[in-house]
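As the structure is a prediction and not an experimental result, all values here were calculated from the model. Each chain gets a letter, A, B and so on, in the order the sequences are listed, and its residues count up from 1.
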Protein chains: 2
Amino acid sequence: MTRDKIAMCAERKQECGCRCGCEVRGFIQPRLLLLLAKKDSHGYELMEALRAIPGAENLADPGMLYRTLRQLEEAEVVQSAWETGGHGPARRIYELTKIGREHLDTWAAEIEKTRTHLGEFLAEYESIAERRSAKPRKRG
Amino acid sequence: MTRDKIAMCAERKQECGCRCGCEVRGFIQPRLLLLLAKKDSHGYELMEALRAIPGAENLADPGMLYRTLRQLEEAEVVQSAWETGGHGPARRIYELTKIGREHLDTWAAEIEKTRTHLGEFLAEYESIAERRSAKPRKRG
DNA sequence: GTCACTATATGCTCCCGACATATAGATGTC
DNA sequence: GACATCTATATGTCGGGAGCATATAGTGAC
């Protein structure tokens with residue numbers, strides 16, 4: 001955070017590179033699971049897919065991505081196999097396991113909850129904002 | 001994360017104490033700003049307020065809370081003054097600054113975006129889930 | 001030969017978040 | 001008056017998510 005970053009955020013309206021932007025912790029996980037639920041894939045392809053999703057661009061970082069895939073595999077949420085036949089370097093093809101599909105369901109339920117909570121926050125914020133614009137000179 | 005935690009998540013449906021639950025990074029910040037936008041307050045009162053908000057219970061941690069308030073003050077998002085007259089120990093009363101109100105607006109805009117993205121994720125997930133239940137034995 | 005593209009992987013650092021602990025004033029009670 | 005409890009603020013520690021840089025290597029184009 002640090003003072004500079006917060007100040008920049010308020011002044012420059014998110015044009016700064018700071019983390020004040022509202023992001024869900026570990027969201028790369030459900031994103032990968034959803035992509036893999038649609039189609040078996042490999043890291044590089046998943047990365048490009050993430051880059052193409054509005055709001056998920058930040059998740060398309062090779063460091064995070066490959067580490068996350070390894071962790072998911074260690075947890076038996078996905079499983080992988082080398083594909084050497086194709087053109088270019090060998091690829092590690094990932095596939096969802098049964099645990100993985102269940103894990104995605106769990107994530108979806110949690111995301112639903114979070115979405116509701118964000119909605120409640122915004123509703124409360126808007127009621128404040130209305131009040132503020134109704135009497136704009138509340139405080140000097 | 002770790003393998004155990006992921007596995008527990010899938011099996012026990014979030015009854016475990018792990019972090020797989022979907023949470024917005026730094027969300028204590030806008031929560032505090034919104035509370036302070038409604039009413040000047042001190043740390044302990046803010047903590048109890050957070051504890052009473054469904055979905056914000058985890059944010060009611062004194063460690064996070066007091067540190068965050070200090071950081072916000074360092075960033076001139078809030079300002080504080082000691083209140084010694086009351087019953088009980090002295091309280092540090094916090095108040096939003098102009099920067100703070102702007103910062104809350106910025107957060108609200110970001111939260112709106114995030115809420116939209118979560119909605120898009122869920123829509124995509126549900127289309128997958130439908131497909132899955134339509135042909136349940138896709139994979140052995 | 002070297003440049004760009006595809007593909008996987010590791011290292012480093014910051015800081016959020018969880019948890020534990022310290023300090024101390026006020027109040028109640030036995 | 002000793003002790004527990006509630007109110008109130010504050011610091012210490014540690015794991016891990018996330019951003020950024022870097023390493024390695026196969027392939028095709030020129």
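- A distance of 12.0 Å separates OG1 in B:Thr116 from CD1 in B:Ile111, rounded to the nearest 0.5 Å.
- If A:Gly88 and A:Phe27 are placed on DNA chain D by their nearest nucleotide, the residue sitting closer to the 5' end is A:Phe27.
- Going from atom CD of A:Glu74 over to atom P of C:dA9 covers 14 Å, rounded to whole Å.
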Mind listing the side-chain donor-acceptor pairs of residues 47-58 of chain A below 3.5 Å, one per line with the distance, residues two or more places apart or on another chain?
from    : atom 1 : to      : atom 2 : distance (Å)
A:Glu57 : OE1    : A:Gly55 : N      : 2.9
A:Glu57 : OE2    : A:Gly55 : N      : 3.3
A:Asn58 : ND2    : A:Glu23 : OE2    : 3.2

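- For the pair A:Ile28 CD1 and D:dC20 C1', the computed distance is 15 Å after rounding to whole Å.
- For the OP1/OP2 pair of D:dG26 and a distance below 4.0 Å, the side-chain nitrogens and oxygens of A:Arg91 include no atom meeting the criterion.
- For B:Trp82, the side-chain atoms get nearest to D:dA10 when compared with the rest of D:dA10, C:dT8, C:dC19.
- Note: CZ (B:Arg92) to P (C:dG25) measures 16 Å, nearest angstrom.
- Closest contact between the side chain of A:Asp61 and the listed nucleotides C:dA9, D:dA18, D:dC20 involves D:dC20.
- A salt bridge does not link A:Glu74 with A:Arg70: none of the charged nitrogens is closer than 4.0 Å to a carboxylate oxygen.
- To the nearest 0.5 angstrom, B:Leu32 atom CG is 11.0 Å from B:Trp107 atom CH2.
- When the C1' atom of D:dG17 is taken as reference, atom CD of A:Glu23 falls 11 Å away, rounded to whole Å.
- In this structure, NE2 of A:His87 is placed 15 Å from C1' of D:dA29, rounded to the nearest angstrom.
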Does the pair B:Gln29 and B:His103 meet the rule for a side chain to side chain contact (heavy atoms under 4.5 Å, CB included), with working shown?
CA-CA 10 Å; B:Gln29 236 192 95; B:His103 197 52; 2.9 Å; yes
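- Here B:His117 contributes atom NE2 and A:Arg115 contributes atom CZ; the two are 12.5 Å apart, rounded to the nearest 0.5 Å.
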Which atoms of nucleotides 11-13 of chain D (N or O only) lie under 3.5 Å from a protein N or O atom, and what are those distances?
from   : atom 1 : to      : atom 2 : distance (Å)
D:dG12 : N7     : B:Arg67 : NH1    : 3.4
D:dG12 : O6     : B:Arg67 : NH2    : 2.4

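- Atom CG in A:Leu65 sits about 13 Å away from atom P in C:dT10, given to the nearest Å.
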With salt bridge (Lys or Arg N to Asp or Glu O under 4.0 Å) as the criterion, how do A:Glu45 and A:Lys39 come out once you've worked through the C-alpha distance, each side chain's angles and the decisive distance to 0.1 Å?
CA-CA 11 Å; A:Glu45 193 177 40; A:Lys39 173 175 165 292; 3.0 Å; yes
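- For C:dC15, neither phosphate oxygen OP1 nor OP2 lies less than 4.0 angstrom from any side-chain nitrogen or oxygen of B:Gln71.
- Set against C:dA24, D:dA25, C:dC16, the side chain of A:Pro89 has D:dA25 as its closest nucleotide.
- Side chain of B:Glu124 to backbone of A:Leu34: no donor-acceptor contact under 3.5 angstrom is found.
- What separates CD of A:Glu83 from C1' of C:dT8 is a distance of 14 Å, to the nearest Å.
- The stretch residues 44-58 of chain B touches DNA chain C through B:Asn58, each having a heavy atom under 4.0 angstrom from the strand.
- A salt bridge links B:Glu110 with B:Lys113; the closest basic N to acidic carboxylate O contact falls under 4.0 Å.
- Residue A:His42 places at least one side-chain N or O closer than 4.0 Å to OP1 or OP2 of C:dA7.
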